[in-house]
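In this text the structure is predicted, and so the values were computed from the model without any measurement. Each chain gets a letter, A, B and so on, in the order its sequence line appears, and its residues count up from 1.
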Amino acid sequence: MNLLKIQETLRQTVVETARKEFNIELETVASEVPPKTELGDAAFPVAFELAKRIKQQTGEKSNPRQIAERLKAALEANESVERVEVAGAGYLNVFFDRAKFLIESQNVEVLPCLSESENRAAPKVCVEHTSVNPNKAAHIGHVRNSVLGDTFVRILRANGKRVEVQNYIDNTGVQVADVVVGFVYLENKTLEEIKNLHARLTAEGKTFDYFCWDLYAKVGQEYQKNETLKARRAEVLHLIEAGGNPTAELADYVATRNVECILATMERFGIRYDLLPRESEILHLHFWKKAFEKMRERGVIKLETTGKSAGCWVMPTDSHTGTEEHEADKILVRSNGTVTYTGKDIAYQMWKLGLLDLDFYYNPFHEYADGKLVWITTAENLQSANIPDFGGSETVYNVIDSRQSYPQEVVKKGVATIFPEKGEAASVHLAYEMVALSPGAAQELGFEISEADKQKPFIEMSGRKGLGVKADDLINRLEANALTEVNNREASRLEKNPGEESLSEHKKIEIAHRIAVGALRYFLLKFTRNTVIVFDFKEALSFEGETGVFCQYSAVRANSIFRKLGEQVSGSGFQVSDLEAISAIFNAEDGDGIWSMVILASRLEEIIANALNAGEPAILAKYTFNLAKAFNLFYYNHKIIGEENQTKRAVLIAVADLARRSLTAALNTLGIEVPERM
RNA sequence: GCUCCCGUAGCUCAGUUGGAUAGAGCGUUCGCCUCCUAAGCGAAAGGUCGCAGGUUCAAUUCCCGCCGGGAGCACCA
């Protein structure tokens, strides 16, 4: 009997009692977490609702407290409940049987869904995230996208969902064209020479995406003063889209090397993908043509014959009202017959949902260290073996910057209009605000800031200007800082305990890496999605206070207790006959403190369900921090190893074990691993 | 002009579908390593929840109107 099940049973009891006693049918029963342990473990403010409903139904005024009293007995009949109190104006505060709960918690998985083997028959959901244009290195804003997406994937899996992770590669867009213009017209390089450059950079320990980062910024500057160069962009873009020519080949080489770099960067953060769908295949396999046919069949688009958009195929929208400057309807096909970005996106979304009747071909792109493959789409059938069943998801989550809210709305509405049977709920835009730079941070990076920008609260990062904190730079800095700390702490540990074994260099690097990832992932996850993160070096590099490192430290301390206790304690559960002795521990003066640790650690499953429903990983991040904080307090207040009362010692061990299991699972769901030592 | 987001402690942010004394971190001040790791723990100080109305037994939360900040509204991607 875990916490969720107890709460569900109690809710049912409330519904049944309301039906029996008051002849009222409650659809939902709200339950709350009381603000303090002394106020119980679950609270139902249902008596207020019932009083209102009784008045509506019979016209009789009733006292919420009296209603609560009548529900009280029914709730107390539950075997997990010790007692129920009616508090305040009519709150029902439920107190669990603490000893019984603790005994049962020992045999309960903190995340039951994860322990089950993946159900291949379960409906699949798709998460698209990262989707960095393959023309430069990823910056911290891209990492916010990837970390949010990856964490959401982990939350879905912890809720028992089958998930497919896609990273869309826009390899035929203007951004790639810009870097190609740079290579060809500024650097005067052929494909062979670019290949040599790549080899040289690799040999020097440098990365191709960093080179492109600078080149892209250089091209952006050149465009401002060189109109001929700007004209080249259109030519190059056209050649890339057409395919089958040397420029397209060169662009493909550049884009693919950048994709490799970005994958390597994200792997450092523990972020992986199943499939890389490319825009080139969406074009070459005529996904749009198929989508267009379906839209015409279903009559959701029309050809404008008059007005500003004459000659364009448009999709009428009602969510937006037109003005003199802007048409209300969304153009999907331009008057020259080419398709817009939104049009392509609708086709891609249709494929994701299994509504297109067309498919890509697939080829393995990259193999992770443990053998897992990332696949990439291809335009030709390369006869690959064991291709997973991609696409055709029940629900699609697109992790995209909130600046894309309008086009995402069009895609969602568009797909829902073509397929009303599928509906809008199948397309979810997980929008998030940008990561911006404070004027100070921008200056710290060595950028000239205009007087106007200095007045602004924050400055938007820009790949085109080369203005941003590169992901690898930041994680390198974090790892270096962490390694310094690890070395210092290791030295003082060995000084105090000369007999202890020292950590190998390899292990120290691994610990520093985990700390760095923990710090950065938590930093990006503690903000809710619709908060603009104004990047601040001091805050991002911090290892103290509300940080991932704090949470990791708490888990490391917990593990350290069990290391000292040795293996003999694991699996030594209580006997049911111990119930009274355990109750005595909880009823003692410091019993509430011990119990609050138990109940908080038991909420993980509920919190993860909340995080999924709200589409908000920050809920889990905040919980994890609070859990770590609670454990640090518990750790300080109760000295487990030195405890002389054997029952109390056993209780404390069980509580600490529950806390560390919950904390570890919470951190892992955030994509943060617990280091061996800290 | 229209749409969306934000405004909570000195700073950065949480605050579930309305609910009990509005929370955390940083910063400031003061305590705590003879005791399972001080990347820690405790305490103090700090609030007209942007302003003004409305709905309700109950509003930081829902509705309306202002004020201030941000983003979007392309035959760009």
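As rounded to whole Å, 12 Å separates atom P of B/A77 from atom OH of A/Tyr168. One atom, CE of A/Met434, and another, P of B/G69, lie 15 Å apart when rounded to the nearest Å. Taking atom CZ of A/Phe537 as the reference point, atom P of B/U12 lies 18 Å away to the nearest angstrom. For the pair A/Met597 CE and B/C41 P, the computed distance is 13 Å after rounding to whole Å. Between A/Lys456 atom NZ and B/G68 atom C1' the separation is 17 Å, expressed in whole Å. If you measure from atom CZ of A/Phe523 to atom P of B/A14, you get 12 Å, rounded to the nearest angstrom. Across the protein-nucleic acid pair, A/Arg403 atom CZ and B/C6 atom C1' stand 15 Å apart, rounded to whole Å. Rounded to whole angstrom, the span from the CZ atom of A/Phe543 across to the C1' atom of B/A38 amounts to 17 Å.
In this structure, A/Ser560 reaches the B/U37 phosphate: one of its side-chain N or O atoms is under 4.0 Å from OP1 or OP2. Residue A/Thr528 places at least one side-chain N or O under 4.0 Å from the OP1 or OP2 atom of B/A14. A close approach under 4.0 Å does not occur between any side-chain nitrogen or oxygen of A/Asn632 and OP1 or OP2 of B/G40. Note on A/Asn530: every side-chain N or O is 4.0 Å or more away from OP1 and OP2 of B/C5. Of the side-chain N and O atoms in A/Tyr553, one or more sit less than 4.0 angstrom from OP1 or OP2 of B/A39.
The listed nucleotides are B/A71, B/A77, B/U17; the one nearest the side chain of A/Glu460 is B/A71. Considering only side-chain atoms of A/Glu433, the nucleotide from B/U16, B/C5, B/U37 that sits closest is B/C5. Of the listed nucleotides (B/C75, B/A77, B/A39), B/A39 has the atom at the smallest distance from the side chain of A/Arg489.
Going from the C1' atom of B/A43 to that of B/C5 covers 39 Å, rounded to whole Å. Straight-line distance between the P atoms of B/A22 and B/G47: roughly 13 Å, to the nearest whole Å. Comparing the C1' positions of B/U61 and B/U16 gives an interatomic distance of 10 Å, to the nearest angstrom. Going from the C1' atom of B/A59 to that of B/C51 covers 16 Å, rounded to whole Å. Comparing the same atom, C1', in B/G27 and in B/A45 gives a spacing of 12 Å after rounding to whole Å. If you take atom P in B/U8 and the same atom in B/G70, they sit 15 Å apart, rounded to whole Å. If you take atom P in B/G15 and the same atom in B/G7, they sit 10 Å apart, rounded to whole Å.
The residue among A/Pro45 and A/Val339 whose nearest nucleotide of RNA chain B is located toward the 5' end is A/Pro45. The residue among A/Phe458 and A/Ile511 whose nearest nucleotide of RNA chain B lies closer to the 5′ end is A/Ile511.
For the atom pair NZ (A/Lys507) and CD (A/Glu676), the distance works out to 4.0 Å, reported to the nearest 0.5 Å.
Looking at heavy-atom distances under 4.0 Å, A/Gln404 makes contact with a base. Contacts of A/Gly173 with the nucleic acid, taken as non-hydrogen atoms under 4.0 Å apart, involve only primed sugar atoms and P, OP1 or OP2. At the heavy-atom level, A/Val549 lies under 4.0 Å from base atoms of the strands shown.
Ring geometry for A/Phe631 versus A/Phe634: interplanar angle of 30 to 60°, hence tilted.
Taking the ring centre of A/Tyr223 as origin, the terminal cationic atom of A/Arg233 falls inside the region bounded by 6.0 Å and 45° from the ring axis. Geometrically, A/Arg603 does not engage A/Tyr623 in a cation-pi contact, judged by NZ or CZ lying under 6.0 Å from the ring centre and within 45° of the ring axis.
Side-chain contact check for A/Asn258 and A/Lys136: no donor-acceptor pair (N or O, by modelled atom type) lies under 3.5 Å. There is a side-chain donor-acceptor pair under 3.5 Å between A/Tyr432 and A/Asn145. Inspection of the A/Ser402 and A/Ser405 side chains reveals no N or O donor paired with an N or O acceptor under 3.5 Å.
The residues A/Lys412 and A/Glu409 are annotated as not salt-bridged, no charged nitrogen and carboxylate oxygen being separated by less than 4.0 angstrom. Taking the charged nitrogens against the carboxylate oxygens, A/Glu460 and A/Lys465 have no contact shorter than 4.0 Å, which rules out a salt bridge. Looking at A/Lys344 and A/Glu279, a side-chain N of the basic residue comes within less than 4.0 Å of a carboxylate O on the acidic one, giving a salt bridge.
Under the 6.0 Å cut-off for aromatic ring centres, A/Tyr348 and A/Phe287 do not qualify, their centroids lying 6.0 Å or more apart.
Nucleotide B/C13 is shown with an anti base, its glycosidic torsion being more than 90° from 0.
A donor and an acceptor atom never sit less than 3.5 Å apart when one is taken from the side chain of A/Thr531 and the other from the base of B/C13.
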Next item on the list: Could you check A/Met315 against A/Val410 for side-chain contact (heavy atoms from CB on, under 4.5 Å), going step by step and ending with a plain yes or no?
Entry: CA-CA 9 Å; A/Met315 188 170 70; A/Val410 175; 3.5 Å; yes
Margin query: Can you build the contact string for nucleotides 20-27 of chain B? Use B for base contact, S for sugar-phosphate-only contact, and - for no protein heavy atom under 4.0 Å.
Written below: BB--SSS-
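Every stem involving RNA chain B, taken as at least 3 paired positions in a row under the Watson-Crick or G-U wobble test at 3.5 Å, is listed here: B:1-7 with B:67-73, B:10-13 with B:23-26, B:28-32 with B:40-44.
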